[in-house]
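One structure is given here, and the rest of the page talks about it.
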There are 2 protein chains.
Amino acid sequence: MSARATTRPGGRSARVQQSVHQAVRDLEAEMGRDALTVPLIAARAGVTPSTVYRRWGDLRELLSDVAVERLRPDAPPADHGGLRADLEAWTVQFAEEMSSTAGRTYIRDALLGDPGQGNAARCSDYAAEQLKVIAVRAAGRGEAVPDLETLLDVVVAPLMYRILFRPSELSQEYVGRLVAAALGRVGSPSGT
Amino acid sequence: MSARATTRPGGRSARVQQSVHQAVRDLEAEMGRDALTVPLIAARAGVTPSTVYRRWGDLRELLSDVAVERLRPDAPPADHGGLRADLEAWTVQFAEEMSSTAGRTYIRDALLGDPGQGNAARCSDYAAEQLKVIAVRAAGRGEAVPDLETLLDVVVAPLMYRILFRPSELSQEYVGRLVAAALGRVGSPSGT
DNA sequence: CAGCCTAATGCGAAGAAATTGCGTCTGCCG
DNA sequence: CGGCAGACGCAATTTCTTCGCATTAGGCTG
């Protein structure tokens with residue numbers, strides 16, 4: 001289980017978590033991610049190392065928590081008036097963010113320090129939520145929309161696979177082809 | 001770059017690498033992966049910790065190396081007489097191996113301790129090589145075969161995405177659907 | 001085949017990080 | 001207002017990590 005705020009926003013636990021997360025972000029920007037250590041972060045956050053170890057277990061889990069937080073979308077997908085436009089815009093932005101050096105690092109961090117796969121699932125849920133918004137919006141316009149599972153399989157999965165396993169450029173044309181493939185599968189069966 | 005045998009098979013370096021790799025496999029089986037430490041592995045391998053640190057840098061990279069080694073296919077894909085049968089058989093086996101607890105751990109280890117993405121790329125290359133064998137074999141029979149990039153996008157990527165990000169069962173029916181989707185895309189454009 | 005040369009390993013010490021027990025304090029709840 | 005549970009600070013201990021130096025194995029040349 002990840003360390004989430006279990007107390008109210010004003011509580012001490014919440015303050016400590018916020019302070020530690022902020023320390024991670026600051027130090028990451030200042031000295032680079034590989035220079036991070038628990039004692040260093042703790043000192044910057046104004047807490048003792050043992051506090052960090054007790055709450056997060058180890059550095060990997062802490063970084064995983066921070067990374068997931070950074071991967072959370074900050075706004076609903078933009079509305080471009082049509083399913084294809086919405087999908088393409090969202091996918092291009094997604095690909096850019098995730099394939100950047102920082103994005104890849106966050107994904108890897110999120111995947112790594114993650115005993116129960118919970119953080120990885122949250123990453124996927126973020127994408128799924130965004131896609132669902134697009135899908136519902138399109139359905140409201142009366143458009144036929146691909147299944148959510150299909151979108152994840154056809155659009156998101158290939159992007160993430162390339163980002164994680166096959167360092168290569170993700171051209172806009174390629175992204176467009178993925179979206180086209182998804183749109184060609186309206187109504188396809190899904191599920192595992 | 002990963003620590004590979006740069007000397008001849010009989011050299012001392014090669015012996016040390018083999019010994020350390022074997023120690024990792026043994027200890028992983030005996031005490032569980034989370035109990036592994038560099039000093040522990042070094043002691044079992046009959047070397048000093050500093051040797052391990054010098055050759056591999058840290059525990060993550062060592063585990064990454066061992067994981068990639070374990071993910072290497074031990075045999076070419078079986079020949080079932082037809083493209084669809086070959087693809088389905090290979091994909092089912094791939095999905096089973098990779099979604100097992102051990103498989104997931106190896107994938108994560110391979111991804112993690114990997115500065116230049118080299119080990120992750122090797123994982124992808126393993127799958128690509130196997131698929132290429134199947135594709136060439138089918139082409140030799142005169143069958144129309146999907147592009148290799150398409151196979152990776154449509155078959156491998158969704159499997160890996162689900163394994164890494166969405167802990168769920170991979171039914172044989174689902175695998176069959178992925179293969180069917182790939183076969184329906186014979187001659188599709190590819191590339192990034 | 002003998003002897004040198006490079007590179008990797010062993011060893012040991014010093015520094016840093018991780019783990020743990022115990023006392024204290026915060027803040028929630030009766 | 002006072003108790004109680006959980007979280008935190010502190011400090012000692014253990015373990016891991018890094019580094020310089022000496023040694024040795026194995027390749028390479030003459």
Side-chain angles (χ1 to χ4, degrees), chain A residues 1-24 26-28 30-66 69 109 112-115, chain B residues 1-24 26-28 30-66 69 109 112-115:
Chain A
M1 219 30 19
S2 307
R4 311 291 295 283
T6 55
T7 57
R8 313 241 217 102
R12 183 166 65 162
S13 292
R15 275 202 310 276
V16 168
Q17 162 158 348
Q18 208 170 2
S19 173
V20 169
H21 275 216
Q22 190 60 45
V24 170
D26 291 349
L27 290 171
E28 193 172 349
E30 288 175 23
M31 355 193 41
R33 183 186 163 284
D34 291 339
L36 298 184
T37 67
V38 170
L40 189 68
I41 294 166
R44 170 66 68 104
V47 300
T48 62
S50 59
T51 295
V52 174
Y53 287 118
R54 268 191 281 257
R55 294 232 342 193
W56 283 276
D58 60 14
L59 179 60
R60 282 184 5 194
E61 284 190 49
L62 171 56
L63 292 182
S64 183
D65 256 25
V66 174
E69 212 58 36
D109 282 345
L112 281 173
D114 193 10
Chain B
M1 65 315 317
S2 309
R4 313 288 295 281
T6 55
T7 58
R8 316 247 211 97
R12 184 167 62 161
S13 292
R15 277 202 309 277
V16 167
Q17 163 158 349
Q18 209 169 4
S19 174
V20 170
H21 274 215
Q22 189 61 46
V24 169
D26 291 348
L27 290 172
E28 195 173 346
E30 289 175 23
M31 354 193 44
R33 181 185 166 285
D34 291 338
L36 297 184
T37 67
V38 170
L40 189 68
I41 293 166
R44 170 66 68 103
V47 300
T48 62
S50 58
T51 296
V52 174
Y53 285 117
R54 267 191 289 254
R55 297 230 344 194
W56 282 276
D58 61 12
L59 179 60
R60 279 181 10 189
E61 283 190 48
L62 171 56
L63 292 182
S64 182
D65 257 25
V66 174
E69 211 61 34
D109 283 345
L112 280 173
D114 191 8

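The structure presented is a predicted model; accordingly, all values stated were derived computationally and were not measured. Reminder, nothing fancy here: chain letters follow the sequence lines and each chain counts from 1.
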*asked:* Is R12(B) close enough to dG27(D) that one of its side-chain N or O atoms is under 4.0 Å from OP1 or OP2 there?
replied: no

*Output yes when a side-chain donor or acceptor of S19(B) lies under 3.5 Å from a complementary backbone atom of A45(B), and no otherwise.*
yes

*asked:* Of the options dG26(D), dC8(D), dG20(D), whose atoms approach the side-chain atoms of R54(B) most closely?
replied: dG20(D)

_Between P on dT15(D) and CG on L59(A), what's the gap in Å once rounded to a whole number?_
21 Å

*Looking only at N and O atoms, is any donor in the side chain of S50(A) or the base of dC8(D) less than 3.5 Å from an acceptor on the other one?*
no

*Measure the shortest side-chain to side-chain distance between Q22(A) and Q17(A) over non-hydrogen atoms and say whether it is less than 4.5 angstrom.*
no

*Is R33(A) close to D109(A) at the side-chain level, that is, under 4.5 Å between some pair of heavy atoms?*
yes

*asked:* For a quick test of reading the model: is some side-chain N or O of R55(A) closer than 4.0 Å to OP1 or OP2 of dC8(D)?
replied: yes

_Candidate nucleotides dC16(D), dC11(C), dT20(C), ranked by approach to the side chain of P39(B) - the nearest_ = dC16(D)

*asked:* What's the separation between atom CG in L62(B) and atom CZ in R55(B), rounded to the nearest 0.5 Å?
replied: 10.0 Å

*Does some side-chain heavy atom of D65(B) sit less than 4.5 Å from a side-chain heavy atom of E61(B)?*
no

*For DNA chain C, what residues of residues 41-49 of chain B have any heavy atom nearer than 4.0 Å?*
G46(B), V47(B), T48(B)

Please tabulate, for side-chain N and O atoms in residues 34-41 of chain B, each donor-acceptor pair with protein atoms closer than 3.5 Å (sequence neighbours left out).
unit_1: T37(B); atom_1: OG1; unit_2: L40(B); atom_2: N; d: 3.2

*Quick one: Q18(B) CD to dT9(C) P, roughly how many Å, whole number?*
14 Å

*Atom CZ of R15(B) to atom C1' of dA25(D): distance rounded to whole Å?*
8 Å

